[in-house]
Number of protein chains: 2
Amino acid sequence: MSDSARPVSKRDSRKEAAVAAEETQAVQLGELSDLLGYVLKRAQLKVFEDFLRCVAPLQLTPAQFSVLLLLDANPGRNQTEIANTLGILRPNFVSLLDSLESRDLCTRVRSANDRRSHILLLTEKGKSVLARAKKLVVSKHEARLNELLGPDGRDTLLAMLTKIAEEF
Amino acid sequence: MSDSARPVSKRDSRKEAAVAAEETQAVQLGELSDLLGYVLKRAQLKVFEDFLRCVAPLQLTPAQFSVLLLLDANPGRNQTEIANTLGILRPNFVSLLDSLESRDLCTRVRSANDRRSHILLLTEKGKSVLARAKKLVVSKHEARLNELLGPDGRDTLLAMLTKIAEEF
DNA sequence: CGTGTTTGATATAGTGGATAACAATTATCG
DNA sequence: CGATAATTGTTATCCACTATATCAAACACG
């Protein structure tokens, strides 16, 4: 038997033999691949990752982009209203807004009706950046998803996720 | 005009008038409801939330549960292997394991082949807890998802998310 | 042997999310 | 009106999760 005759290093007997067998015995996911929550999170991370890549030229995170979108669709709202609809707590929304305002993408204006609250508005630069971001998202990010799932698949997926997000 | 004759408080003119109109003009989500990443994250949060509720009697987080599942399906693996397949960085996996080991759900055993690495094994208590956790997940958590989406819908959703997680 | 690599571990920093508390302002109601 | 309560933005602080650099011990390999 040549095996016992040839002195085999530990590396040989483990890594190389395993590679010969099947690339170091892949760890079995088992029932994990059927756990919806697990796959859901993995998919979410991938999608956010791709979003960041696609919109990198404009230096916008998903959260920042969603704020700009909301301000555009709801001009004149205050911080509490915007933060609440995004599921962001007011204290945590402050620094997020600071960042956007310091980049001159939006402004806080004291309300005349209620001098406690800040009316939020997109600046011209904010509108311009948002418009460019939308184009990147549609042409690169969502386009890639359409390519992977097909338009029908994408719509089906969106509908199911919306149902979970709203009714679960 | 009775409006000008009756002194209306600011609260009247804002909150009540709005309620009369339509419950304080809800903030418009706008294009946000079509952003897959946004809905994906919201759904993921809801699912994790429900997972925690369903498995609360056993005090297991999704991450802890996934580790137990992997150890059960892959007895004898080391920390690096388990952490890698879960997408957890080795440094961060240490405290996670500390927590499980301190609860006597799993053990680290020095490998005889390679005395650097720790072989991970479920304890009897770990197997028992995992078995009970599985029952809760199936009977409560996944059951609720099936109720919401239907078995077909759930499978379709899982397939799409898997595709994104693996191929995106 | 000596050099380089791997494993588990520690320290540390960054980020996101959550609560308590505060000043300023507004609402409520006796 | 005036006292009390509620709301808004803000700060401070804490916890969980993530990411990087570094280390000693053990191992691989020439």
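Throughout, a chain's letter reflects where its sequence line sits, starting with A, and its residues are numbered from 1. The figures that follow rest on heavy atoms only: side chains count, while hydrogens, waters and symmetry mates do not.
- Rounded to an integer number of Å, the gap from A:D114 CG to D:dA6 C1' is 11 Å.
- Comparing D:dT10, D:dC27, C:dT10 by their nearest atom to the side chain of B:R116 picks out D:dC27.
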Exercise. I would like to know whether A:F51 and A:F65 meet ring-ring contact (aromatic ring centres under 6.0 Å, His included); could you show each step before the answer?
Key: CA-CA 10 Å; A:F51 182 97; A:F65 179 71; 5.4 Å; yes
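- Side-chain polar atoms of A:R108 and A:Q79 form a donor-acceptor pair below 3.5 angstrom.
- Atom-to-atom, CG of B:L89 to C1' of C:dT6 comes out at 16 Å; the value is rounded to the nearest Å.
- Within the 4.0 Å cut-off from OP1 or OP2 of D:dC17, not a single side-chain nitrogen or oxygen of A:K41 is found.
- Atom CD of B:Q44 and atom C1' of C:dG16 are 13 Å apart (whole Å).
- If you take CG of B:N92 and C1' of C:dG14, they are 12 Å apart, rounded to a whole angstrom.
- Considering only side-chain N and O atoms, A:R108 lies under 4.0 angstrom from the phosphate OP1 or OP2 of D:dT10.
- Residue contacts shown for B:R115 are limited to sugar-phosphate atoms, with no base heavy atom under 4.0 Å away.
- Between the C1' atom of C:dT7 and the CD1 atom of B:I119 lies a distance of 11 Å, rounded to the nearest Å.
- Comparing C:dG8, C:dT10, D:dG9 by their nearest atom to the side chain of B:Q79 picks out C:dG8.
- The nearest whole Å value for the distance from the CG atom in A:L45 to the P atom in D:dC17 is 13 Å.
- When hydrophobic clusters are built by joining Ile, Leu, Val, Met, Phe, Trp and Tyr residues whose side-chain heavy atoms come closer than 4.5 Å, directly or via intermediates, A:L58 is grouped together with A:V137.
- For B:L52 and D:dC15, the CG to P distance is 18 Å, given to the nearest whole Å.
- Nearest-nucleotide mapping onto DNA chain C: of A:S111 and A:I88, the residue sitting toward the 5' end is A:I88.
- Atom CG in B:L96 sits roughly 8 Å away from atom P in D:dC17 (whole-Å rounding).
- In this structure, B:D50 pairs ionically with B:R144, as a charged nitrogen and a carboxylate oxygen lie closer than 4.0 Å.
- Contact annotation: A:T80 does not reach the phosphate of D:dT7 (side-chain N/O to OP1 or OP2, under 4.0 Å).
- Using a 4.0 Å cut-off between charged side-chain N and carboxylate O, B:E166 and A:K46 make no salt bridge.
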